[in-house]
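Here, residue 1 is the first one in the sequence, and each next residue gets the next number. Predicted model, so just to flag it, every value in this text is computed and none were measured. Order of appearance sets the numbers: ligands from 1, and atoms from 1 within every ligand.
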Amino acid sequence: MEAGKRAEAGGRAAEAAGPVFTLEEVGKRNSNRETWLVIHGRVYDVTRFLEEHPGGEEVLLEQAGRDATESFEDVGHSTDAREMLKQYYIGEIHPDDRKKGGSKDQNRTSSGQTSFWSTWLIPIFGALVIGLMYRYYVLDGRSS
Ligand code: HEM
């Protein structure tokens, strides 16, 4: 019963690296004997980190069993802190339990794939089109 009904989520969540948990399941791990929290749709078991957390264990316990994304971001954690997250990663939150009312958020995947497209590929494509236009209109005009 330990891992509960950790739906191995075939299909949609196939890209997810770990098992999938519901918010309800995470909610049960809200004590200092078992402390789980959700950050950006990922589930972390921070039980053994409680005493080590530079911000103190109280803040972690306050967020235990729920989505701590906002408080985690509000603190402005360093890249080191973000790297540390990996050590405590145990799985993904079920897609139905991801931030409610966040259909906007769902476009922005946690791995930032959508922002990669809009940040890089669109400007690169734009530059290519402008380059080609320059070549055909300006350079061609000059040679004839
Ligand atoms: C697994 C999750 C977390 C990890 C790995 C983590 C890690 C860290 C680390 C390494 C620091 C030192 C400063 C830095 O490097 O940014 C820190 C500070 C802090 N963290 Fe976290 N943290 C986590 C979750 C949280 C959560 C959920 C809160 C909720 C409010 C929180 C609140 C704080 C606070 C208040 C500080 C102190 C900032 C200061 O005194 O300058 N942390 N944390």
Side-chain angles (χ1 to χ4, degrees), residues 1-140:
M1 149 125 169
E2 170 49 20
K5 45 180 168 80
R6 41 148 82 170
E8 275 308 336
R12 282 204 304 163
E15 53 156 8
V20 176
F21 300 100
T22 61
L23 262 188
E24 195 193 339
E25 255 178 298
V26 175
K28 293 178 198 156
R29 275 63 179 217
N30 61 357
S31 70
N32 58 358
R33 276 185 301 124
E34 234 186 342
T35 318
W36 290 12
L37 39 86
V38 180
I39 297 173
H40 292 301
R42 302 202 163 123
V43 184
Y44 299 95
D45 179 348
V46 294
T47 321
R48 64 198 157 92
F49 179 60
L50 288 177
E51 287 179 15
E52 293 164 33
H53 183 221
E57 67 177 318
E58 290 81 18
V59 286
L60 294 185
L61 286 169
E62 237 167 61
Q63 300 301 323
R66 40 195 181 111
D67 193 318
T69 309
E70 236 177 271
S71 23
F72 181 82
E73 291 301 345
D74 282 353
V75 172
H77 280 94
S78 64
T79 10
D80 278 358
R82 285 160 206 279
E83 276 293 306
M84 286 170 78
L85 282 176
K86 290 181 194 157
Q87 300 172 37
Y88 306 103
Y89 174 86
I90 53 168
E92 303 285 318
I93 204 76
H94 193 282
D96 290 350
D97 278 349
R98 279 173 181 251
K99 276 262 171 288
K100 299 281 184 279
S103 47
K104 269 190 286 155
D105 259 18
Q106 271 160 10
N107 293 332
R108 263 190 301 139
T109 62
S110 44
S111 50
Q113 272 162 12
T114 309
S115 63
F116 170 79
W117 282 90
S118 48
T119 315
W120 294 106
L121 289 184
I122 294 171
I124 289 171
F125 185 72
L128 276 176
V129 170
I130 292 168
L132 283 174
M133 281 168 69
Y134 178 80
R135 208 185 138 109
Y136 284 115
Y137 291 103
V138 179
L139 297 185
D140 273 9

#### Entry: Protein residue, atom and distance nearest to atom 30 (C) of ligand 1, heavy-atom basis
Ser71 CB, 3.6 Å
#### Entry: Sub-4.0 Å heavy-atom approach of Phe49 to ligand 1
yes
### Task
Report yes or no: does Arg33 contribute a side-chain atom to a donor-acceptor pair with the main-chain N or O of Arg29 at less than 3.5 Å?
no
### Query
Under 6.0 Å between ring centres, would you say that holds for Phe21 and His94?
no
### Task
At a cut-off of 2.8 Å, list the protein N/O/S atoms near atom 21 (Fe) of ligand 1, residue plus atom name.
His53 NE2, His77 NE2
### Side-chain donor or acceptor of Tyr44 paired with backbone N/O of Lys86 under 3.5 Å
no
### Query
Right, does atom 42 (N) of ligand 1 have protein non-hydrogen atoms nearer than 4.0 Å?
yes
### Task
Check whether any side-chain N or O of Thr35 sits under 3.5 Å from a backbone N or O of Val46 as a donor-acceptor pair, and report yes or no.
no
### Task
Ignoring hydrogens, tell whether any protein atom lies closer than 4.0 Å to atom 22 (N) of ligand 1; use the non-hydrogen atoms only.
yes
### Query
Under 6.0 Å from the CZ atom of Arg48, do we count more than 12 heavy atoms belonging to anything else shown?
yes
### Task
Look at atom CD of Gln87 and say whether more than 12 heavy atoms of other residues, nucleotides or ligands are closer to it than 6.0 Å.
yes
#### Entry: Main-chain N/O of His40 paired with Thr69 side-chain donor or acceptor, under 3.5 Å
yes
### Message
Strictly inside 4.0 angstrom of atom 7 (C) of ligand 1, do you find any protein heavy atom?
### Response
yes
### Query
So which heavy atom in the protein is nearest atom 14 (C) of ligand 1, and how far is it from that ligand atom?
Ser78 OG, 3.2 Å
### Distance-minimising heavy-atom pair for Leu60 and His53
CG-ND1, 3.5 Å
### Enumerated ligand 1 atoms positioned under 4.0 Å from heavy atoms of Val46
1 (C)
### Message
Looking at Thr22, is its backbone amide N or carbonyl O close enough to the side chain of Asp97 to form a donor-acceptor pair, meaning the two atoms are under 3.5 Å apart?
### Response
no
### Message
With heavy-atom distances below 4.5 Å as the criterion, would you say the side chains of Leu61 and Leu50 are in contact?
### Response
yes
#### Entry: Leu85 neighbourhood, listing ligand 1 atoms whose heavy-atom distance to it stays under 4.0 Å
1 (C), 2 (C)
### Task
Output yes when a protein non-hydrogen atom is found under 4.0 Å of atom 39 (C) of ligand 1, and no otherwise.
no
### Query
What atoms of ligand 1 come closer than 4.0 angstrom to any heavy atom of Met84?
5 (C), 10 (C)
